[in-house]
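Read the structure below first, then the notes.
So you know, we letter chains A, B, ... as the sequences are listed, proteins then strands, and number each from 1.
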Amino acid sequence: MISEKKPGKICRYGMAIDLDKCTGCGACMIACAVENNVPPANPAATDLTGITWLRVFKVDNGEEYPRKESVYFPMMCQQCGVETPCYLVCPQQAVDVDPSTGIVFQMPERCLGCRYCMAACPYHSRYFNWWDPKWPAGMEKTLNPDVAPRMRGVVEKCNYCHGRWHAARERAAQAGLKDIIPGDYVPACVEACPAGAIEFGDLNDPASAPAQAAKDPNSFRLLATLGTEPKVYYRSKRPWAKRIGDPSQAPGSKETSRG
Amino acid sequence: MDRRFIPTGVARCSTSRFLMWLALWAALLAFGLYSAGLCLVEGLNQTHMNNRFAFGLWIFLDLTVIALGAGAFFTGFLLYILKRKELRGVINSAVVIGLMCYGGAMAVLGVDVGQPLRAWFTFWYPNVHSMLTEVTFCISCYLTVLLIEYLPIVLKNRKLRQVPHFLVFEHELHNLVYVFAGVGTFLSFFHQGSLGGLYGVLRGRPFAFREELGIWPTTFFLFILSAAAVGPSFILLTTWLVQKLARKPLVRPAVFESLGRISGLLLAAYVLLKTVDTIVWLRRTTPRSGFLPAQYYAWKPFGIWLLFVEIALFLVPMAILLIPKLRARTAWLVPAAAMACCGVALNRFVLTIQTLALPTLSFDRFVYYLPSWQETGTFLAVVAAGVLVYSISFRYFVLFPEEREL
Amino acid sequence: MRNTRRNALKFIGGAAAGALLTPVPWRLITDTALWSENWPGIPRPARGPITARFTHCSVCPAGCAVRARCVGGQPVSLAGVVGHPLSRGGLCAAGVAAHQLPYHPARLTHGPVEAATGAIARAAANCNPDAVAALAACNPADGVAVLDLRPGRTVSWTYRRAMGALKNGLYLTAGGVFSGAAVDLSKARTVLSLGAPLLDGWGTPGNVLAARAGFRLIQAEAIESRTASLADRWLRIRPGSASALASGIAAALKKGSVAKAAAATGLTQQQIAGLADELTQHGPALVLPGADCPEAWALNELAGASGITVVARQEAPVPEAWNRNCAPVTPLASVADGSIRTLIIDESAPADYIPWNAIRPKLIADNPVVIAFTSSPRGYARHSLFTLPTAVYPETLEDIPAAIDSPRAAFRLAVPLVAAPAGVVNPAEFVARAAGIDATSALRERADAIRQAGRGVLITYADGRTRPVAQIAPDDFWKALNEGGCWLDTATRPSAPPHLDWAGIDVQPAESRRWPLVAVLAETAIAAAPASPLMTKLDQESNLRLGPGTAALHPDAARQCGVSDGGRAVLETALGTCPIRVVVDASLPPGVVQVAAAPETIDICGAGARCRVLSL
């Protein structure tokens, strides 16, 4: 389902992530979970069955000490702009691509839980509720009223803190403006990063950080050759790190390391 | 005791032996229903599927049984549209098998989704771009068609025929059988194809992604062809198995000959097209998506040997089934049919399991998956239910019209 | 129309067909979707007016400024305060979810808990302050002590005054080789960290990251920790040889021989000499010791950093009256063995955990009375006779002294954003009552003393203003502090920290067949902090960190110990055992087990302890 076009300018929200700044502290991951009412993990959950809309990986250059180098790699929904795989495959239109923001929005209330979108996503950025979510007694008081908690059996993913976008639109409307006040809409991860490694902005605005990252020769996108036009630009001055997005650089059959 | 219900002119085993047979499968069904119940009540954490392995045993087996159940529509197509009269001897059995396969697949799908109560959303909010919408619609319609085709078989029962309404109803249905066969063929064409299309459109999974012919990826056509090729083989296999269990001939040998030859011809077409498709996929499609073919087979245990085994499992039965001398001998015919069925199972396995196991990002890791006992149990429930339905149908309805003469 | 069956059927059929033309059935179909969209048991977030409140995070000693988004008065999310001179708007992963601490399922809320029997039973002594006072009075020879794990707070002064009022009162801290020092990262050009988690929770994370571009970081560590992977240069030394490296650098700075150090660390002599050269030629330098070589602070003086990057720690002014008759600060290590009868441990503010075997010898051998104030059952509650539950952040009102990386004194309050549950005890009130002093308005008195001293500025966050304190009335000052304001001392010429002789400790990690592995503690910064239930995102639901109760081994070491990835095992050292879950990590050196730091593991491992892993 494509939403109706809303009045105002057309934005294409994207991110610019500086891999040389990210320290892997995980504040972005926790801020995301707090903002989006992600439940605490079931005791039996693992890194393959947990819910981490934003997940930081440790990626290295495959060398041994002293040539070994690592970066921390924050991964979230890449908000594919063209031939969005998850949107095309959902049998009941539980994925909505908003033309006025470019955000790929998942509707857990519509989701059947068939997980076809998870098979379609090459970035593994979709997460399924394998368990009934349970909050410890009292912790439900800390839930964010702008985001609906999900139930078991549905898929969820990063939506660039869509609740914050709505709140920013309301504030703009109250101020009598048609468009969001620049800088007023910032996802939780961007706000939380102590190193300022994640920047957010409108790719249609040439002055925004993502738009500038798009032109930066040190930038790359993940799996750009697939043609999905992801809107997250990663940046690093290290030559080996710039090849992380290249699928033919996928690791061969060697022992996998933690992270 | 239940003599009155058994069709005239055929012999069946004693009631107590039959009940014992049923009890065995009913026990398995009970265990399977318990497994499925656990998955429904506790949630899908009872399975070993995870965020990287969104599809597991169930989807793989669903695809396989739907391909094997294609014998139902294809036999109907051959009999009623192409007028291959010798297949009249197996059409009823084929319909029951098709019903078991499709019914079982739908039942498992009901457990596989996270929110079964929302199953109707696909019909109410369909997404025209999605292959899965098409699959859902077509399989639901086709299941209805199969039920309607099953109805005459039931209604022809000795006792039920005595009810005039049923007799009239059955007769009217019989007049429409060509319509249902045609509709069934049409629907099956599309859903077998769309099942292939499910994977062929996955741009994000270059291992599964194929280029388009018209608006469909090549897997669409390859799946139809493989299903049509293997359907008759499966009917052949099951008929042979039932003959063995019943310890009497149920069909004329010409039926086996016919099924085997049709299967062989279609397998030949399939192998040819599959080879072309594989070459195009490895030489053109894969590099265009930025991946290297070597990446597909770099992970144990999915080495390049898998590709060759897949081809062999189609090539060898094709050869056997095309040689009349070999085809005439059961010792060659039946294993060839079994190999073809295994080949299609491997083909579906490769597209579901291997696709998801392979990493896509450069820092992904290769993921292993083994089904949990709950998943296996749920599928065993389908098998048990199928055997139960088939056993009851075999005992009380005429599944093999030629049995009386033989 | 006649009343026949046919007519009735016609009517019903017609009505049904007609109803299809109305919106009713279509709406009903769509509305049934609602039934499947909401399960019972899924909570509905409460709505209410949205406000912003300011406070400071007391989860670790950094005290980062916090802006809390509150819905109907309840904090639902936390963020840093952009542009803050101390925390620079940064808030770490633990701080971002810290508003959920009060609801952690393992949090202690009622007591007193008697640990010895494991049953929650009211013991005869009843553990009330008067009983403690009576205990203190009856045996003048046996000491009463308060062990303050986070000194420098106003509460610390209350303890000192209380222990001063008792004849046999002692005020104890962990001590530490260089507790009188602070670090000025902004002046550093070369930083040599001997295993300190500089980029992983050390000091004030926002401040460290803001200063990062200004210095070259060399991390000397046995494993590729987070800091090592982010450093400009990682020197892989043998596990447990950080002290040896410090010795080598000291020797190089004094133009002596580095051969022994090279042999112990596995580095070459040129590398060690080169390090010393880098410290002197590309200064100002800073040497940061890790937990296993605190004596390396002395290297800073040898490298000429005293008074530049390492300065004397400043404290906010205190009321004059407090300085009279308060117990001196006594390091735990300097207390005679067997001289404390009653020990009160304040674990209410998260801080570095001291292994129990450093504390136990100081207590009398028979039946010492140990009272722990804590909210966690995992720390000293395991060793204490009585455990009294305390409030957690953000229920508490307490002050946070300046962190180690703030050369200027600071005073800021963590203000209560939610009410504490009934049944929690305030440790300061308890100790004050036991000693017979009144300290209920200690924080106000401190604030007044700061205001009276007239130095420094007050930073308020809601309006973003910075004003000299002298221009603010005392009541306004107190009110601003309670609304999350921060007092920052005027910048003065930094003074050198206390002199520290280089002791030249030469520790050789001993090879042992019985203990083939060396334990390296990981995630030390988080060990101190209690964790929101959402922190599982970082360890259990991703592989970013080692979660509590886990230990990582190289695949070969795992094979030798007979354990596999995800399996249960036992970590054993000379001091005891601890159950762990094994994680296999090929990036570790083979002879090392990386153990997630937690009270249970710190109790049995020191830094660099030798150990072994046994499969179950």
Side-chain angles (χ1 to χ4, degrees), chain A residues 1 42 44-46 48-51 57 59 73 75 83 85 87-94 110-124 126-132 151-155 222-228 243-253 256 259, chain B residues 42-45 47 49-55 59 109 112-116 118-119 121-127 129-136 198-199 201-206 208-209 287-292 294-295 298-300 352 355-356 358-367:
Chain A
M1 178 180 113
N42 183 282
T46 64
L48 288 177
T49 49
I51 302 178
F57 290 88
V59 184
F73 204 99
M75 267 293 297
E83 302 254 357
Y87 158 71
L88 289 175
V89 303
C90 176
Q92 46 223 46
Q93 301 190 63
R110 179 74 66 80
C111 178
L112 169 66
C114 69
R115 306 185 300 285
Y116 190 20
C117 57
M118 292 171 72
C121 177
Y123 304 108
H124 315 305
R126 287 174 155 272
Y127 299 89
F128 186 73
N129 281 278
W130 298 98
W131 284 270
D132 276 309
M151 65 213 74
R152 174 228 292 182
V154 295
V155 173
L222 287 176
L223 305 179
T225 44
L226 288 182
T228 50
R243 289 198 297 270
I244 292 176
D246 183 353
S248 62
Q249 298 289 310
S253 41
T256 50
Chain B
E42 295 292 325
L44 287 170
N45 56 83
T47 69
M49 291 187 282
N50 51 54
N51 293 328
R52 281 285 306 278
F53 251 108
F55 295 153
I59 298 290
L109 277 176
D112 198 3
V113 294
Q115 290 275 341
R118 297 185 188 172
F121 282 9
T122 312
F123 299 97
W124 199 244
Y125 308 110
N127 179 0
H129 300 291
S130 171
M131 285 282 177
L132 196 52
T133 309
E134 208 279 322
V135 165
T136 312
L198 278 186
Y199 292 94
V201 294
L202 295 182
R203 180 180 294 273
R205 303 273 178 183
F209 183 65
R288 271 199 199 156
S289 64
F291 281 70
L292 302 169
Q295 288 174 255
W299 301 93
K300 295 193 231 309
T352 48
T355 306
L356 292 176
L358 292 178
T360 47
L361 295 167
S362 65
F363 50 87
D364 267 346
R365 56 185 210 273
F366 182 77
V367 192

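Both the backbone and the side chain of Y123(A) come within contact range of chain B, with heavy atoms under 4.5 Å apart. For L132(B), the parts sitting under 4.5 Å from any heavy atom of chain A are the backbone and the side chain alike. Both the backbone and the side chain of I244(A) come within less than 4.5 Å of a heavy atom of chain B. Within the 4.5 angstrom heavy-atom criterion, only backbone atoms of C121(A) (N, CA, C, O) approach chain B.
Formation of a donor-acceptor pair under 3.5 Å by the R52(B) side chain with backbone atoms of H124(A) is not found in this model. Using a distance-only test at 3.5 Å, with no hydrogens or angles considered, no donor-acceptor pair links the side chain of E42(B) to the main chain of W131(A). Here the side chain of R203(B) pairs no donor or acceptor atom with the backbone of P85(A) at under 3.5 angstrom. Of the possible polar contacts, none joining the S248(A) side chain to the F291(B) backbone as a donor-acceptor pair under 3.5 Å is found. Side chain of Y116(A) to backbone of L198(B): a donor-acceptor contact under 3.5 angstrom is found.
Note: N45(B) CG to F128(A) CZ = 9.5 Å, rounded to the nearest 0.5 Å. Rounding to the nearest 0.5 Å places CG of L48(A) at 13.5 Å from CE of M49(B). Interatomic distance, CG of L112(A) versus CZ of R118(B), reported as 8.0 Å (0.5 Å rounding).
When each of N127(B), T122(B), V135(B) is paired with P91(A), the side chain to side chain contact (heavy atoms under 4.5 Å, CB included) condition holds for T122(B) and for no other.
Contact of the S362(B) side chain with the D246(A) side chain is not registered, since no non-hydrogen atoms from C-beta on lie closer than 4.5 Å. No side-chain heavy atom of R115(A) sits less than 4.5 Å from a side-chain heavy atom of I59(B). Using a 4.5 Å cut-off on side-chain heavy atoms (C-beta onward), D364(B) and F57(A) make no contact.
For the residue pair W130(A) / N51(B), a side-chain donor-acceptor distance below 3.5 Å is found, with atom types taken as modelled.
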